[in-house]
Number of protein chains: 2
Amino acid sequence: MPRIPASERRAALARAALTVIARDGLAAATTRAIVAEAGMPLASFHYAVASRDELLRDVIELVVAAEGVAAGGLLAQAETPRDAIRGALNGYLDHVRSDPGAEQAMFELTQYALRTPELADLPAEQYRRYHELVADLLEAGASSLNIEWSIPVPDLARLMVTLTDGLTLAWLADRDDAAAGVAIDHAADAISAFARAPRIPAVIA
Amino acid sequence: MPRIPASERRAALARAALTVIARDGLAAATTRAIVAEAGMPLASFHYAVASRDELLRDVIELVVAAEGVAAGGLLAQAETPRDAIRGALNGYLDHVRSDPGAEQAMFELTQYALRTPELADLPAEQYRRYHELVADLLEAGASSLNIEWSIPVPDLARLMVTLTDGLTLAWLADRDDAAAGVAIDHAADAISAFARAPRIPAVIA
DNA sequence: GTCTATAATGGGATAGAC
DNA sequence: GTCTATCCCATTATAGAC
């Protein structure tokens, strides 16, 4: 492994760590497992990064960024607010189903960060970004459906993140697709009640 | 420590483990930390229990039982379905606020169990009990408010657990009391839409 | 600059003295 | 039956050979 900049090794290690955590869990993500996944000798680890916890900081940032990419695809075409919410939640659950380990990795990392003084600041920032991301999606959805939300968009965003987290945790625990689908239908009914016709109608192009 | 039955030691170890996990996190709950908390010599650990993972099984059952006790107190007097839902969610969040570590311990244990083949069956059972517990509360609430729920009670129960999990995770991450309170208000609005007057009016005593 | 080899620590589990 | 003392392994981190 000659001549690879430390910054690149660092990024490669973070990606490898995420792969290991998604596959085997955080407890299994030892420095050895991580360098094995990255195809590096053990000593490269501390050459590129000061400590395991410091690498986990990178991993969390990686995960948050990835979540942003995944969320971008959730804004499907829909005729009604209910279908839009329902589609977004189902899309999110499909994403979880397609790679449950990755989603579980997020939760494990968040909980670990909360317990680790050097990382304890990350979860708040992580959720701030989630809320912001979902708020943007809600704004875009309102615009595309020509509706407005009857409660502040940041409030609704937090409620949507609450639902995705809760749906994910329960599904990870019992893998009950049918129950999750039903919960999503009811949640879509409940949340779409916050959509209403705009006070100032949009100009039709 | 003379003459204490193994079953009692086992229970004491499970309680001590939960104390340690709530205070310092699952990763810090080593056999040594657990016996120190329980005031026992290290060798008592494997005398009472075959392995650390086996003790964690007991701990999860302990946690689920404790959650049941906590939930029992959430059925406050309320005039309307909205206030009942709102009161229950606020009561739950107060419980989380009063001992965040204990709540975090639950999540950590669930995630760890999902990653551990010998414990992988527990989370489904855990959530089955939560759903059942909340379903009972919803039935009791409907009866006391003289309403009925417009969707099946098990469906609504899953949605309520989804909300409590989601609210808890976000609050643990950002400790934003105001935002959590607002989210609860909106959630109560949304969920109380599933309450309606009973088709068969209850007999007034 | 890179990696082999090893240090130093802390872990789960147990043998054997009392 | 109980617990001290220890085993042995895996871990993070690093010293020093190339």
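Letters go in sequence order (proteins before strands), and every chain restarts at 1.
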task: Would you kindly give the CD-to-C1' distance between A:Glu8 and C:dG1, to the nearest whole Å?
output: 15 Å
- request: Taking salt bridge (Lys or Arg N to Asp or Glu O under 4.0 Å) as the test, write out the residues that go with A:Asp155, two or more places apart.
  value: none
- prompt: Mind checking what makes side-chain contact (heavy atoms from CB on, under 4.5 Å) contact with A:Glu54, not counting sequence neighbours?
  reply: A:Arg10, A:Val49, A:Ala50, A:Ser51
field: Set of side chain to side chain donor-acceptor pair (under 3.5 Å) partners for A:Arg52, sequence neighbours left out
entry: none
- prompt: Looking at DNA chain C, which of residues 48-58 of chain B put a heavy atom within less than 4.0 Å of it?
  reply: B:Ser51, B:Arg52
- request: Kindly say if A:Tyr47 contacts the phosphate of C:dG1, meaning a side-chain N or O under 4.0 Å from OP1 or OP2.
  value: no
- prompt: Between C:dG10 atom C1' and B:Ile34 atom CD1, what is the distance in whole Å?
  reply: 15 Å
Ion pair check, A:Arg57 and A:Asp121, cut-off under 4.0 Å: yes
statement: Of the listed D:dG1, C:dG11, C:dT2, the closest approach to the A:Arg9 side chain comes from C:dT2
task: Keeping to residues at least two apart or across chains, list the side chain to side chain donor-acceptor pair (under 3.5 Å) pairs with something in residues 59-78 of chain A.
output: A:Glu67-A:Tyr92
Side-chain donor-acceptor distances from residues 11-26 of chain B under 3.5 Å, at least two apart:
residue	atom	partner	partner atom	Å
B:Thr19	OG1	B:Arg15	O	3.0
B:Arg23	NH1	B:Glu37	OE1	3.1
B:Arg23	NH2	B:Glu37	OE1	3.3

field: B:Leu13 CG to C:dA13 P, straight-line distance once rounded to whole Å
entry: 13 Å
Nucleotide-resolved protein contact map, nucleotides 4-9 of chain D, B/S/- at heavy-atom distance under 4.0 Å: B-----
query: Within the pair A:His46 and D:dA13, is there a side-chain N or O less than 4.0 Å away from OP1 or OP2?
result: yes
Can you give the donor-acceptor pairs under 3.5 Å from side chains of residues 81-88 of chain A to other protein atoms, not counting sequence neighbours?
residue	atom	partner	partner atom	Å
A:Arg82	NE	A:Asp189	OD1	2.4
A:Asp83	OD2	A:Thr80	OG1	3.4
A:Arg86	NE	A:Asp185	OD1	2.5

query: In chain order, what residues pass the side-chain contact (heavy atoms from CB on, under 4.5 Å) check against B:Asp177, with sequence neighbours excluded?
result: B:Arg97, B:Trp171
